[in-house]
Amino acid sequence: MNTELSEYNRLLKLKNYSRSTINTYTYYFEMFLDHFKGKDVGKRTKNEVMDFLLKESEKNFSAAYQNQLVNSIKFYYEKVLGRQKEFYNLPRAKKPFKLPVVFSEEEIVLLFDQVENFKHKCILYLIYSGGLRISEAVNMKVGDIDSTQNLIVIKGAKGKKDRTTLLSQTLLEMLRKYYSVFKPKEYLFEGETGGQYSIKSIQNIFNKALAASGIKKNATVHSLRHSFATHLLERGTDLRYIQELLGHESSKTTEIYTHVTKKAMDKIVSPLDNLNI
(Lines give C-alpha, C1' and ligand atoms only; values in the text may rest on other atoms or scores of the structure.)
Protein backbone atom coordinates (compact mmCIF):
# COMPACT_ATOMS: atom_id res chain seq x y z
CA MET A 1 0.00 0.00 0.00
CA ASN A 2 1.53 3.34 -1.07
CA THR A 3 1.93 6.30 1.27
CA GLU A 4 -1.13 8.26 0.08
CA LEU A 5 -3.42 5.24 0.27
CA SER A 6 -2.05 4.18 3.67
CA GLU A 7 -2.60 7.62 5.19
CA TYR A 8 -6.02 7.88 3.55
CA ASN A 9 -7.12 4.53 5.00
CA ARG A 10 -5.65 5.34 8.43
CA LEU A 11 -7.58 8.62 8.71
CA LEU A 12 -10.86 6.96 7.70
CA LYS A 13 -10.38 4.53 10.57
CA LEU A 14 -9.38 7.26 13.03
CA LYS A 15 -12.54 9.19 12.17
CA ASN A 16 -14.51 6.03 12.94
CA TYR A 17 -16.12 5.65 9.52
CA SER A 18 -18.10 2.44 9.03
CA ARG A 19 -16.39 -0.57 7.48
CA SER A 20 -18.53 -0.31 4.33
CA THR A 21 -17.70 3.40 3.89
CA ILE A 22 -13.98 2.72 4.38
CA ASN A 23 -14.07 0.00 1.74
CA THR A 24 -16.03 2.16 -0.72
CA TYR A 25 -13.92 5.31 -0.30
CA THR A 26 -10.67 3.33 -0.49
CA TYR A 27 -11.78 1.59 -3.69
CA TYR A 28 -12.60 4.90 -5.41
CA PHE A 29 -9.45 6.58 -4.16
CA GLU A 30 -7.38 3.73 -5.60
CA MET A 31 -9.05 4.42 -8.96
CA PHE A 32 -8.06 8.06 -8.57
CA LEU A 33 -4.44 7.13 -7.80
CA ASP A 34 -4.29 4.79 -10.81
CA HIS A 35 -5.52 7.56 -13.07
CA PHE A 36 -2.63 9.79 -11.98
CA LYS A 37 -0.08 7.00 -11.69
CA GLY A 38 3.47 8.37 -11.49
CA LYS A 39 2.24 11.85 -10.59
CA ASP A 40 1.88 13.59 -7.23
CA VAL A 41 -1.91 13.47 -6.65
CA GLY A 42 -1.60 16.10 -3.95
CA LYS A 43 -0.56 18.63 -6.60
CA ARG A 44 -3.33 17.96 -9.10
CA THR A 45 -5.32 21.04 -10.12
CA LYS A 46 -9.06 21.35 -9.80
CA ASN A 47 -9.39 21.07 -13.58
CA GLU A 48 -7.45 17.79 -13.59
CA VAL A 49 -9.69 16.41 -10.83
CA MET A 50 -12.77 17.55 -12.76
CA ASP A 51 -11.56 15.81 -15.92
CA PHE A 52 -11.21 12.56 -13.96
CA LEU A 53 -14.65 12.91 -12.37
CA LEU A 54 -16.36 13.67 -15.69
CA LYS A 55 -14.66 10.73 -17.38
CA GLU A 56 -15.71 8.31 -14.62
CA SER A 57 -19.23 9.73 -14.42
CA GLU A 58 -19.74 8.95 -18.11
CA LYS A 59 -19.23 5.27 -17.24
CA ASN A 60 -21.85 5.23 -14.51
CA PHE A 61 -24.67 7.78 -14.29
CA SER A 62 -26.15 6.60 -10.99
CA ALA A 63 -26.44 9.22 -8.27
CA ALA A 64 -24.97 6.93 -5.61
CA TYR A 65 -21.87 6.18 -7.68
CA GLN A 66 -21.20 9.82 -8.53
CA ASN A 67 -21.75 11.04 -4.98
CA GLN A 68 -19.45 8.44 -3.45
CA LEU A 69 -16.78 9.07 -6.08
CA VAL A 70 -16.78 12.83 -5.45
CA ASN A 71 -16.90 12.43 -1.67
CA SER A 72 -13.99 9.97 -1.65
CA ILE A 73 -11.79 12.52 -3.44
CA LYS A 74 -13.00 15.42 -1.31
CA PHE A 75 -12.03 13.39 1.76
CA TYR A 76 -8.47 13.17 0.50
CA TYR A 77 -8.00 16.85 -0.26
CA GLU A 78 -10.02 18.26 2.62
CA LYS A 79 -9.35 15.78 5.43
CA VAL A 80 -6.02 14.14 4.63
CA LEU A 81 -4.31 17.22 3.15
CA GLY A 82 -6.34 19.72 5.20
CA ARG A 83 -7.28 21.98 2.31
CA GLN A 84 -10.30 24.24 2.20
CA LYS A 85 -13.57 22.74 1.01
CA GLU A 86 -13.78 22.50 -2.74
CA PHE A 87 -16.92 22.35 -4.84
CA TYR A 88 -16.79 20.27 -7.99
CA ASN A 89 -19.50 21.46 -10.35
CA LEU A 90 -20.23 18.01 -11.69
CA PRO A 91 -23.58 17.42 -13.40
CA ARG A 92 -24.78 15.06 -10.70
CA ALA A 93 -27.45 12.51 -11.45
CA LYS A 94 -30.61 12.91 -9.40
CA LYS A 95 -31.25 10.16 -6.95
CA PRO A 96 -34.44 8.44 -8.10
CA PHE A 97 -37.40 8.68 -5.75
CA LYS A 98 -38.45 5.15 -4.83
CA LEU A 99 -41.16 4.17 -2.41
CA PRO A 100 -40.08 1.60 0.19
CA VAL A 101 -41.39 -1.94 -0.07
CA VAL A 102 -43.84 -2.44 2.79
CA PHE A 103 -45.80 -5.46 4.02
CA SER A 104 -49.37 -5.25 5.24
CA GLU A 105 -49.99 -6.46 8.80
CA GLU A 106 -51.58 -9.59 7.34
CA GLU A 107 -48.49 -10.26 5.24
CA ILE A 108 -46.23 -9.88 8.29
CA VAL A 109 -48.25 -12.61 10.05
CA LEU A 110 -48.06 -14.82 6.96
CA LEU A 111 -44.32 -14.23 6.61
CA PHE A 112 -43.53 -15.02 10.24
CA ASP A 113 -45.71 -18.15 10.11
CA GLN A 114 -43.21 -19.64 7.65
CA VAL A 115 -40.37 -19.54 10.21
CA GLU A 116 -40.26 -22.71 12.31
CA ASN A 117 -36.88 -22.26 14.02
CA PHE A 118 -37.51 -20.42 17.31
CA LYS A 119 -34.21 -18.52 17.27
CA HIS A 120 -34.81 -17.38 13.69
CA LYS A 121 -38.32 -16.27 14.60
CA CYS A 122 -36.96 -14.21 17.50
CA ILE A 123 -34.53 -12.42 15.17
CA LEU A 124 -37.21 -11.39 12.67
CA TYR A 125 -39.62 -10.43 15.46
CA LEU A 126 -36.93 -8.20 16.98
CA ILE A 127 -36.22 -6.38 13.71
CA TYR A 128 -39.89 -5.75 12.94
CA SER A 129 -41.08 -4.96 16.47
CA GLY A 130 -38.40 -2.33 17.05
CA GLY A 131 -37.85 -1.05 13.51
CA LEU A 132 -34.20 -2.14 13.55
CA ARG A 133 -31.64 -2.11 10.78
CA ILE A 134 -30.11 -5.54 10.16
CA SER A 135 -26.71 -4.29 11.39
CA GLU A 136 -28.34 -3.14 14.64
CA ALA A 137 -29.80 -6.60 15.17
CA VAL A 138 -26.44 -8.40 14.82
CA ASN A 139 -24.68 -5.84 17.04
CA MET A 140 -27.25 -6.07 19.83
CA LYS A 141 -25.91 -7.23 23.19
CA VAL A 142 -27.85 -9.15 25.83
CA GLY A 143 -27.82 -6.09 28.10
CA ASP A 144 -29.42 -3.89 25.44
CA ILE A 145 -32.83 -5.35 26.25
CA ASP A 146 -34.19 -3.16 29.06
CA SER A 147 -37.18 -5.06 30.40
CA THR A 148 -37.69 -2.69 33.35
CA GLN A 149 -38.42 0.28 31.09
CA ASN A 150 -39.75 -1.75 28.14
CA LEU A 151 -37.08 -0.41 25.82
CA ILE A 152 -34.51 -1.71 23.37
CA VAL A 153 -31.27 0.26 23.56
CA ILE A 154 -29.46 0.63 20.24
CA LYS A 155 -25.87 1.72 20.76
CA GLY A 156 -23.71 3.33 18.10
CA ALA A 157 -26.42 3.26 15.45
CA LYS A 158 -26.13 5.03 12.11
CA GLY A 159 -24.38 8.36 12.62
CA LYS A 160 -22.70 6.88 15.73
CA LYS A 161 -25.67 7.86 17.88
CA ASP A 162 -27.45 5.84 20.54
CA ARG A 163 -31.22 5.63 20.59
CA THR A 164 -34.02 3.63 22.16
CA THR A 165 -36.98 1.95 20.55
CA LEU A 166 -40.02 -0.07 21.60
CA LEU A 167 -39.74 -3.40 23.40
CA SER A 168 -42.75 -5.51 22.50
CA GLN A 169 -44.18 -7.54 25.38
CA THR A 170 -44.71 -10.42 22.97
CA LEU A 171 -41.05 -10.26 21.99
CA LEU A 172 -39.93 -9.96 25.63
CA GLU A 173 -41.65 -13.23 26.54
CA MET A 174 -40.07 -14.90 23.52
CA LEU A 175 -36.61 -13.58 24.43
CA ARG A 176 -36.91 -14.88 28.00
CA LYS A 177 -37.63 -18.34 26.65
CA TYR A 178 -34.87 -17.94 24.05
CA TYR A 179 -32.34 -16.90 26.69
CA SER A 180 -33.12 -19.86 28.93
CA VAL A 181 -32.49 -22.24 26.03
CA PHE A 182 -29.56 -20.66 24.15
CA LYS A 183 -27.87 -18.71 26.98
CA PRO A 184 -26.04 -16.16 24.78
CA LYS A 185 -22.85 -14.86 26.38
CA GLU A 186 -22.36 -11.41 24.83
CA TYR A 187 -24.41 -10.77 21.72
CA LEU A 188 -28.14 -11.35 21.88
CA PHE A 189 -27.90 -13.60 18.83
CA GLU A 190 -24.74 -15.61 18.40
CA GLY A 191 -23.49 -18.15 15.88
CA GLU A 192 -23.02 -21.81 16.69
CA THR A 193 -19.40 -21.20 17.69
CA GLY A 194 -20.13 -17.90 19.47
CA GLY A 195 -19.62 -14.33 18.31
CA GLN A 196 -22.03 -12.24 16.29
CA TYR A 197 -24.71 -13.82 14.19
CA SER A 198 -24.00 -12.98 10.56
CA ILE A 199 -25.97 -10.54 8.43
CA LYS A 200 -25.91 -13.08 5.60
CA SER A 201 -27.61 -15.67 7.83
CA ILE A 202 -30.44 -13.27 8.68
CA GLN A 203 -30.90 -12.45 5.00
CA ASN A 204 -31.13 -16.16 4.23
CA ILE A 205 -33.74 -16.67 6.97
CA PHE A 206 -35.83 -13.83 5.59
CA ASN A 207 -35.51 -14.85 1.94
CA LYS A 208 -36.52 -18.42 2.73
CA ALA A 209 -39.60 -17.23 4.64
CA LEU A 210 -40.55 -14.79 1.87
CA ALA A 211 -40.33 -17.50 -0.79
CA ALA A 212 -42.41 -19.91 1.33
CA SER A 213 -45.06 -17.25 2.02
CA GLY A 214 -45.88 -16.73 -1.65
CA ILE A 215 -45.78 -12.95 -1.18
CA LYS A 216 -44.77 -11.45 -4.52
CA LYS A 217 -42.86 -8.38 -3.39
CA ASN A 218 -39.26 -7.39 -4.08
CA ALA A 219 -38.65 -7.19 -0.34
CA THR A 220 -35.53 -7.39 1.83
CA VAL A 221 -34.97 -7.61 5.59
CA HIS A 222 -35.06 -3.79 5.59
CA SER A 223 -38.72 -4.01 4.50
CA LEU A 224 -39.51 -5.09 8.07
CA ARG A 225 -38.18 -1.73 9.31
CA HIS A 226 -40.24 0.08 6.65
CA SER A 227 -43.30 -1.93 7.71
CA PHE A 228 -42.75 -1.07 11.39
CA ALA A 229 -42.84 2.66 10.58
CA THR A 230 -45.81 2.39 8.22
CA HIS A 231 -47.91 0.34 10.63
CA LEU A 232 -47.23 2.79 13.47
CA LEU A 233 -48.30 5.65 11.22
CA GLU A 234 -51.45 3.80 10.15
CA ARG A 235 -52.39 3.30 13.78
CA GLY A 236 -52.10 7.01 14.54
CA THR A 237 -48.57 7.41 15.93
CA ASP A 238 -47.23 10.93 15.43
CA LEU A 239 -44.59 11.14 12.70
CA ARG A 240 -42.18 12.89 15.11
CA TYR A 241 -42.19 9.88 17.45
CA ILE A 242 -41.63 7.52 14.53
CA GLN A 243 -38.66 9.66 13.48
CA GLU A 244 -37.16 9.24 16.96
CA LEU A 245 -37.75 5.49 17.04
CA LEU A 246 -36.11 5.04 13.64
CA GLY A 247 -33.22 7.37 14.47
CA HIS A 248 -33.74 9.58 11.43
CA GLU A 249 -31.76 12.82 11.47
CA SER A 250 -34.29 14.63 9.30
CA SER A 251 -38.09 14.46 9.36
CA LYS A 252 -37.95 14.47 5.55
CA THR A 253 -36.62 10.91 5.65
CA THR A 254 -39.50 9.73 7.82
CA GLU A 255 -42.12 11.52 5.73
CA ILE A 256 -41.67 8.99 2.93
CA TYR A 257 -43.98 6.66 4.86
CA THR A 258 -46.88 9.04 4.31
CA HIS A 259 -46.62 8.06 0.62
CA VAL A 260 -47.12 4.35 1.24
CA THR A 261 -49.90 4.17 3.81
CA LYS A 262 -53.34 3.86 2.24
CA LYS A 263 -55.10 3.80 5.60
CA ALA A 264 -53.88 7.31 6.37
CA MET A 265 -55.10 8.45 2.95
CA ASP A 266 -58.51 6.91 3.60
CA LYS A 267 -58.99 9.27 6.57
CA ILE A 268 -58.61 12.35 4.37
CA VAL A 269 -61.95 13.63 3.10
CA SER A 270 -62.28 15.59 -0.14
CA PRO A 271 -63.30 19.22 0.58
CA LEU A 272 -66.25 18.72 -1.77
CA ASP A 273 -67.76 16.22 0.66
CA ASN A 274 -67.75 18.89 3.38
CA LEU A 275 -69.94 21.25 1.40
CA ASN A 276 -73.68 21.47 2.04
CA ILE A 277 -74.72 20.92 -1.56
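- For the pair Ile242/Leu233, a side-chain contact is recorded, criterion being any heavy-atom separation below 4.5 Å from C-beta on.
- Phe75 and Tyr8 have perpendicular rings, their planes meeting at more than 60° on a 0 to 90° scale where under 30° would count as parallel.
- Side-chain contact between Ser168 and Tyr125: absent, with no pair of heavy atoms (C-beta onward) separated by less than 4.5 Å.
- The pair Arg235-Glu105 meets the salt-bridge criterion, with a side-chain N (NZ, NE, NH1 or NH2) lying under 4.0 Å from an Asp/Glu carboxylate O.
- One distance of note links CD1 of Ile205 with NZ of Lys121; it measures 11.5 Å at 0.5 Å rounding.
- The NE2 atom of His248 lies 10.0 Å from the CG atom of Leu239; values are rounded to the nearest 0.5 Å.
- The pair Arg163-Glu136 meets the salt-bridge criterion, since a charged nitrogen lies less than 4.0 angstrom from a carboxylate oxygen.
- Using cut-offs of 30° and 60° for the angle between ring planes, the Phe32 and Phe52 rings count as perpendicular.
- Between Glu4 and Tyr76 the shortest side-chain heavy-atom distance falls below 4.5 Å.
- Salt-bridge annotation for Lys217 and Glu107: present, with a side-chain N of the basic residue lying under 4.0 Å from a carboxylate O of the acidic one.
- By the 30° and 60° cut-offs, the orientation of the rings of Phe103 relative to Phe206 is tilted.
- The aromatic rings of His231 and Tyr128 stand perpendicular to each other, their planes meeting at an angle above 60°, with 30° marking the opposite boundary.
- Geometric assessment of Lys119 against the ring of Phe182 yields a positive cation-pi assignment under the 6.0 Å and 45° thresholds.
- Contact check for Leu188 versus Asp144: no side-chain heavy atoms found under the 4.5 Å cut-off.
- Figure legend: Lys74 and Tyr88 shown without cation-pi pairing, the cationic atom not lying both under 6.0 angstrom from the six-membered ring centre and within 45 degrees of its axis.
- Judged purely by atom type and a 3.5 angstrom limit, Arg225 uses its side chain to pair as donor or acceptor with the backbone of Leu246.
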